[in-house]
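Encoded as structure tokens, the structure appears first; notes follow it.
What's counted below: heavy atoms across the whole structure, side chains too, no hydrogens, waters or symmetry copies. When a ligand or atom number is given, it counts from 1 through the structure's own listing order. Numbers here simply count residues along the sequence, with the first being 1.
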Amino acid sequence: MSPRAGTAPPQGAPVQSLGWRERWRAFRNARVASPAFQRWAAGFPLTRGVARRNTRALFDLCAGFVYSQILFACIRLDLFRTLQDGPLAVEVLSPRLRLAPERAERLLRAAASLGLLSRLPDGRYALADLGAALVGNPSVAAMVEHHALLYEDLRDPVALLRGEAGPTRLSGYWPYAEADDSVALTAGAVAGYSGLMAASQGLIAEDVLDAYGFGRHACLMDVGGGEGAFLSAAARRCPDLRLMLLDLPSVAERARHRFAAEGLADRIACHGGSFLDGDLPRGADVISLVRIVHDHDDGAAMRLLRAAYAALPPGGSLVIAEPMSGTPGAEPIGDAYFGFYLLAMGSGRARSADELGRMLAEAGFTGIRTLRTRRPLLASAVSGSRPPVNV
Ligand SMILES: CC(C)=CCC/C(C)=C/CC/C(C)=C/C=C/C(C)=C/C=C/C=C(C)/C=C/C=C(C)/C=C/C=C(C)/C=C/CC(C)(C)O
Ligand SMILES: C[S@@+](CC[C@H](N)C(=O)[O-])C[C@H]1O[C@@H](n2cnc3c(N)ncnc32)[C@H](O)[C@@H]1O
């Protein structure tokens with residue numbers, strides 16, 4: 001058998017001496033890779049805990065898709081709302097789910113094992129914490145449903161990584177990611193993603209408003225503001241703040257309808273256009289970019305940050321809020337989930353707070369700060385300011 005690539009230096013290459021850390025890592029990995037060591041460690045009292053946790057962690061990685069599809073089935077069958085009013089027995093649930101009793105029980109047991117439901121001592125099923133949280137966040141259910149597209153795109157992740165997968169389902173769902181002329185996108189082309197974004201703002205808008213005191217400013221412009229869910233929340237929170245929104249024309253039109261329905265039409269100016277073509281509208285002393293920068297590759301992202309800088313008056317501020325790479329305790333959300341989500345979408349990448357800070361500095365911003373958000377795994381935030389003229 002030929003040696004695996006990377007296990008030995010190529011012939012003729014200088015042999016570098018390894019530091020003690022590398023030697024320890026090589027020794028440790030060789031032990032962990034050995035089935036005999038694995039069996040021993042699973043039985044020895046001092047290593048048993050780590051061995052079991054690792055086995056479970058690896059199994060969970062193998063089974064992630066199965067768990068996701070069980071959640072998907074629960075949502076498709078409206079199981080969580082069915083249990084909202086109290087526990088039910090399999091015999092009651094089975095006809096409501098239109099599943100044979102044995103199949104209903106199989107799903108219910110699976111959902112209970114995943115912490116979505118609890119099986120009560122009398123055999124009935126009730127919502128557990130995770131199922132109850134889903135009832136309160138219907139936009140998460142919508143996210144789970146739209147993952148069907150993502151999973152199709154991830155069918156061959158290596159082809160996706162190599163750029164050999166062809167057009168993806170997600171690039172159709174987010175047509176601005178690869179469109180030659182995103183300004184021309186029709187109402188039909190933006191309706192799906194725009195509705196999903198508006199619904200899921202409920203998960204982050206209040207956290208972003210808690211993280212940064214927008215009330216100290218005179219006018220906020222939400223760039224890429226979608227159909228206005230973030231600005232509606234800002235309007236409620238800061239009654240004296242003037243508000244502006246910029247998004248693609250057919251999305252800005254949806255925002256106009258929303259603001260009219262909420263009685264906010266006089267308070268919020270909606271602009272239809274592209275933030276990647278030319279100047280941004282003037283007049284705001286704070287600009288927000290909520291779930292925007294990560295959609296774009298580095299060149300476009302820098303153009304946007306420079307345009308925001310130019311649109312602000314001296315002393316004005318910019319706030320970026322989005323899920324970020326390397327968020328402590330949520331590393332797989334930025335680097336695995338959004339890393340591959342954006343790959344399938346066709347543009348952008350998750351960046352760390354430090355990297356966004358460096359980009360802000362390159363665009364001219366100063367006083368760059370990472371803001372503390374309540375649930376950084378859903379959105380972290382970074383701010384910076386255009387320096388006052390006389391500094
Ligand atoms: C009551 C007593 C006495 C004790 C209870 C004990 C206790 C404290 C329990 C805690 C209960 C609790 C409050 C739970 C709360 C749970 C919550 C709020 C869960 C929220 C979960 C949110 C999830 C799973 C969000 C998922 C979001 C997703 C998948 C977002 C995807 C976003 C995408 C695809 C965005 C795309 C935009 C683009 C294209 C990248 O720009
Ligand atoms: C991921 S969504 C975020 C929407 C909103 N900020 C939120 O968090 O719910 C990205 C938004 O940027 C808008 N967008 C994309 N490219 C744009 C461009 N070139 N000019 C203006 N808006 C654009 C999209 O229409 C969409 O509303």
Side-chain angles (χ1 to χ4, degrees), residues 68 71 75 115-116 127-147 149-150 170-171 173-185 189-208 222-234 245-255 270-278 280-281 288-296 300-301 303-304 307 319-324 330 333-334 337-350 374-375 377-379:
S68 302
L71 175 61
I75 285 167
L116 294 160
L127 291 177
D129 275 359
L130 302 190
L134 271 159
V135 171
N137 292 290
S139 71
V140 177
M143 283 290 174
V144 170
E145 294 230 40
H146 104 295
H147 281 159
L149 304 176
L150 174 62
L170 276 187
S171 65
Y173 187 77
W174 301 96
Y176 62 78
E178 292 185 337
D180 292 330
D181 182 11
S182 51
V183 170
L185 289 174
V190 304
Y193 79 74
S194 200
L196 183 69
M197 286 294 94
S200 63
Q201 262 300 322
L203 288 165
I204 59 174
E206 299 296 339
D207 290 9
V208 176
D222 194 25
V223 170
E227 49 192 72
F230 179 68
L231 283 188
S232 291
L245 178 141
L246 170 70
D247 208 297
L248 299 172
S250 41
V251 181
E253 191 52 32
R254 292 171 69 91
C270 288
H271 300 263
S274 169
F275 54 55
L276 297 176
D277 299 339
L280 300 183
S288 51
L289 292 168
V290 183
R291 302 192 288 187
I292 298 299
V293 183
H294 62 0
D295 281 356
H296 300 280
R303 246 186 305 144
L304 172 57
V319 178
I320 297 175
E322 60 190 31
M324 292 180 193
I333 295 184
Y337 178 82
F338 282 103
F340 273 64
Y341 189 101
L342 292 162
L343 181 67
M345 180 171 130
S347 89
R349 65 191 181 87
R374 207 178 278 257
R375 289 171 290 195
L377 73 173
L378 298 178

Can you check whether [Y]'s main-chain N or O pairs, donor with acceptor, with [X]'s side chain at less than 3.5 Å?
| X | Y | answer |
| --- | --- | --- |
| E322 | H294 | yes |
| D295 | G348 | no |
| S194 | V251 | no |
| R254 | V190 | no |
| S288 | V290 | no |

Closer than 4.0 Å to some heavy atom of [X] - which atoms of ligand 2 meet that?
| X | answer |
| --- | --- |
| V251 | 25 (O) |
| G273 | 20 (N), 21 (C) |
| G226 | 27 (O) |

Under 4.0 Å from ligand 2, counting heavy atoms only, is it the side chain of [X], its backbone, both or neither?
| X | value |
| --- | --- |
| Y193 | side chain |
| F275 | both |
| D295 | side chain |
| I292 | side chain |

Protein non-hydrogen atoms only, distance under 4.0 Å: does [atom] have such a neighbour?
| atom | result |
| --- | --- |
| atom 2 (C) of ligand 1 | no |
| atom 12 (C) of ligand 1 | no |
| atom 9 (C) of ligand 1 | yes |
| atom 34 (C) of ligand 1 | yes |

Practice task
Any chance you could lay out the side chain to side chain contact (heavy atoms under 4.5 Å, CB included) test for L71 and L130, step after step, and finish with the verdict?
Solution key: CA-CA 11 Å; L71 175 61; L130 302 190; over 6 Å; no
Exercise for the section: Say whether S200 and ligand 2 are in contact under the criterion: heavy-atom distance to a ligand atom below 4.0 Å. Expected result: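 Under 4.0 Å: no for S200.
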Handout entry: Residue-ligand contact F230/ligand 2, heavy atom below 4.0 Å
Key =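 No, F230 has no heavy atom closer than 4.0 Å to ligand 2.
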Could you pull out, from [options], the option with a heavy atom nearest to [atom]?
| atom | options | result |
| --- | --- | --- |
| atom 6 (N) of ligand 2 | V290, V293, I204 | V290 |
| atom 36 (C) of ligand 1 | M197, H146, R291 | M197 |
| atom 19 (C) of ligand 1 | S200, A133, A132 | A133 |
| atom 23 (C) of ligand 1 | L134, L130, V140 | V140 |

Considering only heavy atoms from C-beta outward, does the side chain of [X] approach that of [Y] to under 4.5 Å?
| X | Y | value |
| --- | --- | --- |
| L196 | Y173 | yes |
| S200 | R291 | yes |
| V223 | I292 | no |
| Y193 | M345 | no |

Starting from [atom], find the nearest protein heavy-atom neighbour and note its residue, name and distance.
| atom | answer |
| --- | --- |
| atom 28 (C) of ligand 1 | M143 CG, 4.0 Å |
| atom 5 (C) of ligand 1 | D129 OD2, 4.8 Å |
| atom 18 (C) of ligand 2 | L248 CD2, 3.5 Å |
| atom 7 (C) of ligand 2 | Q201 NE2, 3.0 Å |
| atom 29 (C) of ligand 1 | Y337 OH, 3.8 Å |
| atom 18 (C) of ligand 1 | R375 NH1, 3.6 Å |
| atom 10 (C) of ligand 2 | Y176 OH, 3.4 Å |
| atom 20 (C) of ligand 1 | N137 ND2, 4.2 Å |
| atom 19 (N) of ligand 2 | S274 OG, 3.0 Å |
| atom 38 (C) of ligand 1 | D295 OD1, 3.4 Å |

Please give me the minimum heavy-atom distance between [X] and [Y], naming the atom from each residue.
| X | Y | value |
| --- | --- | --- |
| S139 | L203 | OG-CD1, 3.8 Å |
| L245 | G226 | CD1-O, 3.6 Å |
| G346 | E178 | CA-OE2, 3.4 Å |
| V183 | S274 | CG2-CB, 3.5 Å |
| L246 | G272 | CD1-C, 4.3 Å |
| C270 | A255 | SG-CB, 4.0 Å |

So, regarding [X] and ligand 2 (criterion: nitrogen or oxygen to nitrogen or oxygen, under 3.5 Å), is there a contact or not?
| X | value |
| --- | --- |
| G224 | yes |
| R291 | yes |
| D247 | yes |

Exercise for the section: Return yes when E322 approaches ligand 1 closer than 4.0 angstrom through a heavy atom, no otherwise. Expected result: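 Not so, E322 does not reach ligand 1.
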Exercise for the section: May I ask whether F338 has any heavy atom positioned less than 4.0 angstrom from an atom of ligand 1? Expected result: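 True for this residue.
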Problem - Side chain, backbone, both or neither: Y193 near ligand 1, heavy atoms under 4.0 Å - result: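 It is neither; nothing of Y193 touches ligand 1.
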Exercise for the section: Just jot down the ligand 1 atoms closer than 4.0 angstrom to any heavy atom of L342, in number order. Expected result: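 This gives 40 (C) as the contact atoms.
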Handout entry: Close-contact set for ligand 1 against H294 heavy atoms, below 4.0 Å
Key =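 Those of ligand 1 that fall under 4.0 Å from H294 are 38 (C), 40 (C), 41 (O).
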Exercise for the section: Classify the angle between the aromatic ring planes of Y341 and W174 as parallel (below 30°), tilted (30 to 60°) or perpendicular (above 60°). Expected result: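 Aromatic pair Y341/W174 classed perpendicular.
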